[in-house]
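Naming: A, B, ... by sequence-line order, numbering from 1 per chain.
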Number of protein chains: 2
Amino acid sequence: MLSERQRMILSAIVDDYIRSAEPVGSRSISKRSDVLFSPATIRNEMADLEEMGLLEQPHTSAGRVPSIKGYRYYVDHLVRLGGVKEQDVHTLRGFFAEKMMHWEGAVSHAATILSQLTNYTSIVLGPETFHTSLKHFQLVPLNETSAVAIIVANTGHVEHRNVSIPEGIGMDDIQKIVNLLNDKLAGIPFFRLKSVLHSEVAKELSRYVDHCEHILAMLEQSIEDEAEPKVFLSGTTNILTQPEFKDVDKVKSILDMFEETPKIMQLFQSLPDGIQVRIGTENALEAINQCSLITATFSADGQPLGTIGILGPTRMDYGKVISLLDYLSKDMSQLYSRWYK
Amino acid sequence: MLSERQRMILSAIVDDYIRSAEPVGSRSISKRSDVLFSPATIRNEMADLEEMGLLEQPHTSAGRVPSIKGYRYYVDHLVRLGGVKEQDVHTLRGFFAEKMMHWEGAVSHAATILSQLTNYTSIVLGPETFHTSLKHFQLVPLNETSAVAIIVANTGHVEHRNVSIPEGIGMDDIQKIVNLLNDKLAGIPFFRLKSVLHSEVAKELSRYVDHCEHILAMLEQSIEDEAEPKVFLSGTTNILTQPEFKDVDKVKSILDMFEETPKIMQLFQSLPDGIQVRIGTENALEAINQCSLITATFSADGQPLGTIGILGPTRMDYGKVISLLDYLSKDMSQLYSRWYK
DNA sequence: GATTAGCACTCGATCGGTTTGAGTGCTAAC
DNA sequence: GTTAGCACTCAAACCGATCGAGTGCTAATC
């Protein structure tokens, strides 16, 4: 258990270090107007905090730096959520005022704004289509052998792919298939689609057309792709402006990760609702062991839709980022709830 | 005009420097088995080459480094196109064997492979839809007030966006509109679509439905978006492995550029057909004044479709990259020509 | 006349040593 | 319990010496 004074000193050190990126000495703390103790007293407390594992010393004659545990304590007990700056609220208003033509547009735009407001990297994962349902299915023939299959979800999400048409299937066959599929599948949630496809559609389809396995397989694949949420990144190079990432090698592994969507998905897997903070080694991936990831989920009518996240150095402005993510995720949830109806 | 010996020395220096990234001295050149002159002779020639502006000296007591002009001469007259390595041909075969479901899939996959084979950054711009035509238009209503508009090109390219439905338009109106548009617009190339929309469709549409300006505006916008070629990047972090880009600041401006699609498009604007090499400051953007960009166009049946490019340091393996791009662009042209039919 | 051996010279890189200064821990006085 | 005082530590900055890769020039050689 920390004394009031220890908490205040820890808080001051973390705040200072977040601002300056330099180890914080006892003198500079005692100079602060809200601190009434001499450097020597501070030093004693700092030694205790270090013993508890909340602070670290890069070397004996340097100031202190928060440890992962120190950041954790700070985030859990000390951080002041200043709320969102007037100016930032304004920027965000602009975002929501704009007409969003796509799902993708809105989400990627949100990512851009987030990275600009924070100067960190923003990651947005969405939308989960697991609970959305099929609105419309369409096959547009391009020529005798190939066609475009288009799947529209009730959220307005569109997925498409080129498919080849099996020999011996004519235009009217295709129309029949499309009609059948729309009849049987429209309104079915994606997570049930696969089983419905097998149980109800397969038999019926085989009555109309030969070689229908091919079509079924294609449909299944499309459904699976559709179910995969997409990742949007913005401000990937912002990490380069951080003094602790001057070294190219440190940065490389992080930037490499950004090119690997599956790794990012893994990072976001099974995050609980609300705001989550993962500090340094608390993250699953070694590449970002020197980074912190703050995430917030957004949803529509209680259905989880996706996650927005900010990745920055462990020395991140937690107060600002948490406030911002909280604000934005709630607004996005509202936006999408409205959109849903 | 260069003597045979000067050409050989220049070639040796460029080759060496490309391999080692270190300034090349006279001794190391004269040691090569195919060079029969003493370091002193080489030095004299090097001094002459420097006077001509083909070589540069970082400082008096260092070896020589090719200048932009030197690389230019090398690329224009000296580079040996070794052809594509057996192993790389194999990898590329694998690429073309795979079934491509989308346009996007094929192009982005090509980008990935290119960056892996070269260890540079690959940029693929495509496809130009300017000369492709509209295959199918579809409006899928989501609810009373919004719908998804879907445009399918004859290449299988799909563009979509959410639109809001003006008050007072019912489901059967929408069906009428869709039918009309498909009747009038199917088969029309995109670059003529806008004028046809105004001349033929507008009047007819106003007969059916009130408030049709909204729908027309939306269509126009979609067509313009569709016409915009897309940019695919891969291996954006490869530049970080180059010794001359150890400095974070140098790298930042390049990586920042990768996040700005319009800048990349600008870079690729109005490139002539075939292989193009832009060395250092020959590039339009200051951010890549220390890089070279090699591009190759691909087409289907003579219609230009897009461009593939490799961005690397000026100290790039020109022979390998040029061969590779030449090979791949030709294969892609074939692939898409077949696809077209 | 072209080539090359020889040599003085240049200059960045590296290495060891010194100095500086920010910061600490400990002790003793308040 | 707090703090002034002091010895101590150690990275960073500074400095000069040395090293060595590479050059340009000149004179000897082929």
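Listed pair A:S38 / D:dT2 fails the phosphate criterion, with no side-chain N or O lying under 4.0 Å from OP1 or OP2. Within the structure, every side-chain polar atom (N or O) of B:R43 is placed at least 4.0 Å from both OP1 and OP2 of D:dT26. Regarding contacts with the backbone of D:dT2, every side-chain N or O of A:T41 stays at 4.0 angstrom or more from both OP1 and OP2.
Straight-line distance from the CG atom of A:N44 to the P atom of C:dT27: 12 Å, rounded to whole Å. Regarding A:I42, its CD1 atom lies at a distance of 18 Å from the P atom of C:dA22, rounded to whole Å. Straight-line distance from the CZ atom of B:F37 to the P atom of C:dA2: 13 Å, rounded to whole Å.
Counting heavy atoms from C-beta outward, B:V24 and B:R64 have side chains that stay 4.5 Å or more apart.
The CG atom of A:L2 sits 10.0 Å away from atom CG of A:D48, with the distance rounded to the nearest 0.5 Å. Annotation: the span from A:R72 atom CZ to A:L54 atom CG amounts to 12.5 Å, rounded to 0.5 Å.
In this structure, B:D326 pairs ionically with B:K330, as a charged nitrogen and a carboxylate oxygen lie closer than 4.0 Å. A salt bridge does not link B:D249 with B:K252: none of the charged nitrogens is closer than 4.0 Å to a carboxylate oxygen.
For the pair B:I29 and B:A12, the tightest heavy-atom approach, listed with the atom from each and the gap, is CD1-CB, 3.8 Å. Here the closest non-hydrogen pair linking A:L92 and A:L328 is CD2-CD1, 3.8 Å.
Under a cut-off of 6.0 angstrom, the local environment of CZ in B:R32 is crowded, with over 12 non-hydrogen atoms contributed by other residues, nucleotides or ligands.
Annotation: proximity of residues 10-30 of chain B to DNA chain C (heavy atom, distance under 4.0 Å) is found for no residue. Shown for residues 45-67 of chain B: residues whose heavy atoms fall under 4.0 angstrom of DNA chain D, namely B:M46, B:Q57, B:T60, B:S61, B:A62, B:G63, B:R64.
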